[in-house]
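Letters go in sequence order (proteins before strands), and every chain restarts at 1.
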Amino acid sequence: MTKDDQDMTTATPPETDASQGDRIRQGRIDKLTQWRDQGINPYPYTFDKSHGNQELQDKYKDLPTGEETSDVVHVAGRIMAMRNSGMFIDLQDPTGKLQVFCHKENLSEDQLAGVKLLDIGDLIGATGTVRRTPRGELSIKVTDFKLLGKSLLPLPEKFHGLTDVETRYRQRYLDLIMNPESRDTLLKRSLLVTEIRQFMIAKGFIEVETPMLQGIAGGAAAKPFITHHNTLDQDMFLRIAPELYLKRLIVGGLAEKVFEMNRNFRNEGISPRHNPEFTMLELYQAYADYNDMMDLAEELVEAVALKVLGTTEITFGEHTISLKRPWARKTMIGAVLEETGVDFAKIETAEDARKAAKDLGVQVKDNESWGSVVEQVFEVKIEESLIQPIHITDYPRDISPLAKEHRDNPRLVERFETRINGWEVFNAFSELSDPLDQRGRFESQLEAREAGDDEAHQMDEDYVTALEYGMPPTGGMGIGIDRLIMLLTNSANIRDVIAFPTLKVK
RNA sequence: GCGAGCGUAGCUCAGCGGUAGAGCACCCGCCUUUUAAGCGGUAGGUCCUGAGUUCGAAUCUCAGCGCUCGCACCA
């Protein structure tokens, strides 16, 4: 301990005008000093924990009320409650709660004095025997304990917990301490991500990493974040998608099946379903097409749901959703025809399409293309009602500049988006591998950009060059991992499945 | 970006022109088989910030900051 530490932790009487929070903290710093005065480091190095709390709850679930064992265990966690001057302490670890019982019969004078220096929020380790109290609570009859970390700040009140939404996200550690549901959701996220990764690897995909800092933000229609590399004196973009790099790896033949599951960044609005940085799984499989991708999507979701949730029937809000294969498949134009009676396949010009949309009450701009109009009619009239998983297939060509022309219809491409609970969760194509066609598509995008669409794709010459060396037929798919996890954890807000969601800097 | 709502003690919330309230937590005392909270007592506040209206503002008005929801953009 340095002299400065001494000065900081030496007790000074609380100033009369100090706020309550300051006084609580100062009182705990005083206790910290008392621990040190007794030669005890309140921030020690290790503890040899033998069991998790839930592990003991499970192991001794049949131990009768009032029964004592001679089984010695070492538990550790955070003090969440103390009753009768510390005789009963609720200890919380990531798995659950366990009561520790500090009776004066089992502790020395020094140890009893130490109990008085404990506060709610402190981290302790305890050694003792397992028993179930006459009131039926599994407890550890403590014969020794160790302070593992002194807490200086008071925890939120335990009955109502921490409900303030802003504090929950800004100080996620507090949320995790206080709210088991938050812990469950983020733990489940981890399990789901692990299962997704293992599913991909079991299918023969290799995991790769491609640039997050890109000179051209390609692969999607979105506004990028701009940053700057000092030594190169060059602006760079945080990627909006890994797509073009992953396909370069397919061209190069690194593997015939690759995937990347990592962050994308899009400089767009924040909402309960959008975070500026979000996790996407993108995968590419040579010699496959979008039909193969549909099968893979279904297999993946069914497999991870069964593995982590044990079921393919999930509840989301009011809805019960079945993830069991096979999922419905409908063409976009077919879905629109079914819902509205308008067959856009028979509408030749953009002008007629815009008129048809307006007749349906869908607002479209005067320069909107045929494909864009079809998509908007679909989104306005149908999207929200698609609760059960469904692949919407065969998108208009002009809104899909990286997808291969449909084998039966040149106005369309071989692309699908899968909707679950009305949300786009999957987006996949038979990848465009014709370099001359790709160049033309980029050029159309450049025209759109010049016409004011700042989310149109940028020309990526090197990507076209890669295609000119030859890319095999390839199926590719992107999966919004956060949304999938929202569905699988019944989370209404994307921030509930992201440990540290984007917030305005205070 | 636009619209609506919210911001009071460490936490959860009342109060809505007339001296700032409660429960829990804290602190003190009692208590050693309690469990949202053992029992009793004390103390605790730039009422988000700044301007204005008023004799007087937590309360009304305006602006700013932050948050939430909806819309727009999008996954």
Side-chain angles (χ1 to χ4, degrees), chain A residues 14 16-28 30-31 65-66 68 80-90 97-107 112 115-116 119-121 131-139 141 151-171 174 177-178 220-223 240-241 263-282 363 379 417-420 422-427 453-455 478-486 492-495 501 503-506:
Chain A
T16 48
D17 60 348
S19 74
Q20 181 182 209
D22 289 343
R23 285 188 298 100
I24 291 172
R25 180 167 175 275
Q26 188 57 51
R28 291 182 175 215
D30 293 345
K31 287 182 181 168
T65 291
E68 301 208 12
M80 295 303 287
M82 290 197 288
R83 294 177 289 279
N84 288 40
S85 308
M87 181 166 49
F88 301 97
I89 292 175
D90 286 347
K97 278 188 183 171
L98 184 66
Q99 179 169 274
V100 300
F101 176 56
C102 297
H103 198 277
K104 63 180 178 185
E105 281 176 9
N106 312 309
L107 295 170
L112 274 174
V115 171
K116 292 200 189 312
D119 288 300
I120 291 172
R131 62 183 288 251
R132 191 173 292 280
T133 67
R135 303 273 179 119
E137 184 79 29
L138 191 72
S139 301
K141 188 163 94 179
S151 166
L152 301 183
L153 297 172
L155 289 176
E157 177 229 349
K158 65 177 157 295
F159 185 55
H160 299 91
L162 179 66
T163 61
D164 182 80
V165 180
E166 182 177 2
T167 310
R168 285 186 47 223
Y169 297 139
R170 277 198 196 278
Q171 296 180 273
L174 272 184
I177 291 168
M178 298 308 299
K223 289 190 223 68
I240 56 176
R263 226 66 64 82
N264 286 348
F265 306 86
R266 296 189 185 173
N267 205 339
E268 290 157 356
I270 297 175
S271 85
R273 277 168 301 286
H274 300 85
N275 197 61
E277 54 176 311
F278 62 100
T279 299
M280 184 95 130
L281 166 62
E282 282 203 14
Q363 297 298 319
E379 285 179 357
E417 288 188 356
T418 307
R419 311 282 159 156
I420 308 177
W423 306 341
E424 177 192 336
V425 178
F426 294 80
N427 180 19
D453 180 358
D454 57 359
E455 292 184 2
I479 303 166
I481 294 296
D482 308 278
R483 287 196 183 168
L484 183 60
I485 288 167
M486 287 171 72
N493 197 310
I494 196 169
R495 293 166 166 194
L503 294 171
K504 191 148 186 167
V505 176
K506 257 194 162 167

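- Between Gln99(A) and the options Arg132(A), Arg83(A), Glu137(A), a side chain to side chain donor-acceptor pair (under 3.5 Å) holds for only Arg83(A).
- Checking G17(B) for Watson-Crick or G-U wobble geometry (two distances, each under 3.5 Å) identifies no partner in any strand.
- One can place CD of Glu268(A) at 16 Å from C1' of C71(B), the figure rounded to the nearest angstrom.
- Applying the side chain to side chain donor-acceptor pair (under 3.5 Å) test to Asp119(A) and every residue at least two apart in sequence or in another chain returns Lys31(A), Lys150(A).
- Mapping Ser139(A) and Trp423(A) onto RNA chain B via the closest heavy atom, the residue that lands nearer the 5' end is Ser139(A).
- Rounded to the nearest Å, the gap between the C1' atom of A22(B) and that of A14(B) is 7 Å.
- Computed from coordinates, the Phe159(A) CZ to U35(B) P distance equals 15 Å when rounded to whole Å.
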Identify all pairs in which a protein N or O lies below 3.5 Å from an N or O of nucleotides 12-15 of chain B, and state each distance.
residue	atom	partner	partner atom	Å
U12(B)	OP1	Thr163(A)	N	3.2
U12(B)	OP1	Asp164(A)	N	2.9
U12(B)	O3'	Thr163(A)	OG1	3.3

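- Closest-nucleotide positions on RNA chain B for Arg273(A) and Ile270(A) were compared, and the one nearer the 5' end corresponds to Ile270(A).
- Here the side chain of Glu166(A) is nearest to one of G70(B), G10(B), G66(B), namely G66(B).
- Contact between the side-chain N/O atoms of Lys31(A) and the OP1/OP2 oxygens of C27(B) is found at a separation under 4.0 Å.
- Nucleotides C73(B) and G5(B) have their C1' atoms positioned 23 Å apart, rounded to a whole Å.
- Distances were taken from every side-chain heavy atom of Asp119(A) (C-beta onward) to each of C73(B), U33(B), C27(B); the shortest belongs to C27(B).
- Counting only distance, with no hydrogens or angles, the side chain of Ser271(A) and the backbone of Arg273(A) share a donor-acceptor pair below 3.5 Å.
- Base pairing analysis places C31(B) opposite nothing; no Watson-Crick or G-U wobble pair with both distances below 3.5 Å involves it.
- The side chain of Met87(A) lies closest to U32(B), out of U32(B), C11(B), C67(B).
- Taking the P atom of each, A4(B) and G17(B) are spaced 22 Å apart, rounded to whole Å.
- Of the P atoms belonging to C28(B) and G64(B), the separation is 47 Å, rounded to the nearest Å.
- As a whole-Å value, the separation of Asp90(A) CG from U33(B) C1' is 14 Å.
- Going from atom CD of Glu68(A) over to atom P of U33(B) covers 13 Å, rounded to whole Å.
- Between Arg23(A) atom CZ and C27(B) atom P the separation is 10 Å, expressed in whole Å.
- Rounding to whole angstrom units, CG of residue Leu174(A) and C1' of A25(B) are separated by 14 Å.
- Residues satisfying the ring-ring contact (aromatic ring centres under 6.0 Å, His included) test with Phe426(A), not counting sequence neighbours, are none.
- A gap of 24 Å separates the C1' atoms of G18(B) and C13(B), to the nearest Å.
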Show me the protein contacts with nucleotides 29-31 of chain B, counting only N or O atoms at under 3.5 Å.
residue	atom	partner	partner atom	Å
C31(B)	N3	Ser85(A)	OG	2.5
C31(B)	N4	Ser85(A)	OG	2.5

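- Checked against side chain to side chain contact (heavy atoms under 4.5 Å, CB included), Met87(A) has the following partners two or more places apart in sequence or in another chain: Asn84(A), Phe101(A), His103(A).
- Look at A36(B): it lacks any Watson-Crick or wobble partner with both distances under 3.5 angstrom.
- A 3.5 Å limit on both hydrogen-bonding distances identifies C6(B) as the Watson-Crick or G-U partner of G66(B).
- Considering only side-chain N and O atoms, Lys104(A) lies nowhere under 4.0 angstrom from the phosphate OP1 or OP2 of U32(B).
- Straight-line distance from the CD1 atom of Ile120(A) to the P atom of G10(B): 17 Å, rounded to whole Å.
- Of the listed nucleotides (C67(B), G10(B), U35(B)), G10(B) has the atom at the smallest distance from the side chain of Ile24(A).
- Figure legend. C60(B) is base-paired to G52(B); pairs are counted as Watson-Crick or G-U wobble with both atom distances under 3.5 Å.
- Look at Arg170(A) and you'll find a side-chain N or O under 4.0 angstrom from OP1 or OP2 of C67(B).
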Inset, instruction - Quick one: do Met82(A) and Val115(A) satisfy side chain to side chain contact (heavy atoms under 4.5 Å, CB included)? Show the steps, please. - result: CA-CA 10 Å; Met82(A) 290 197 288; Val115(A) 171; 5.5 Å; no

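- Here Glu424(A) lies in heavy-atom contact (under 4.0 Å) with sugar-phosphate atoms only.
- For G1(B), the paired base is C71(B) (Watson-Crick or G-U wobble, both distances below 3.5 Å).
- Within the nucleic acid shown, Arg131(A) comes within 4.0 Å of at least one base atom, counting heavy atoms only.
- Here Glu379(A) pairs with nothing under the salt bridge (Lys or Arg N to Asp or Glu O under 4.0 Å) rule; sequence neighbours left out.
- Under the rule for a side chain to side chain donor-acceptor pair (under 3.5 Å), the partners of Ser151(A) that lie at least two apart in sequence or sit in another chain are Arg28(A).
- As judged by a 4.0 angstrom heavy-atom cut-off over every strand, Gly21(A) is placed among residues touching the sugar-phosphate backbone only.
- Within the structure, salt bridge (Lys or Arg N to Asp or Glu O under 4.0 Å) pairs that include any residue of residues 161-171 of chain A comprise Glu166(A)-Arg170(A), Glu166(A)-Lys506(A), Arg168(A)-Asp175(A), Arg168(A)-Asp496(A) (at least two apart or interchain).
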Inset, instruction - Could you walk me through whether Leu155(A) and Ile177(A) pass the side chain to side chain contact (heavy atoms under 4.5 Å, CB included) test, one step at a time? - result: CA-CA 9 Å; Leu155(A) 289 176; Ile177(A) 291 168; 4.0 Å; yes

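- Here Glu105(A) lies out of heavy-atom contact (under 4.0 Å) with every strand.
- With sequence neighbours excluded, no residue satisfies salt bridge (Lys or Arg N to Asp or Glu O under 4.0 Å) with Glu157(A).
- Taking atom P on both C16(B) and G21(B), the two are 14 Å apart, rounded to the nearest angstrom.
- Remark: Asn267(A) is not in phosphate contact with C73(B), judged by side-chain N or O atoms under 4.0 Å from OP1 or OP2.
- Taking atom C1' in both U19(B) and U32(B), the straight-line distance is 45 Å, to the nearest Å.
- In this structure, of C73(B), U32(B), C69(B), it is C69(B) that holds the atom nearest to the side chain of Pro272(A).
- Distance check on atom C1': U53(B) versus C67(B) gives 28 Å, rounded to whole Å.
- When the P atom of C11(B) is taken as reference, atom CE of Met80(A) falls 15 Å away, rounded to whole Å.
- Residue contacts shown for Asn427(A) are absent, as no nucleic acid heavy atom lies under 4.0 Å away.
- Considering only heavy atoms from C-beta on, Pro154(A) stays 4.5 Å or farther from Ile120(A) through its side chain.
- Figure legend. G23(B) is base-paired to C11(B); pairs are counted as Watson-Crick or G-U wobble with both atom distances under 3.5 Å.
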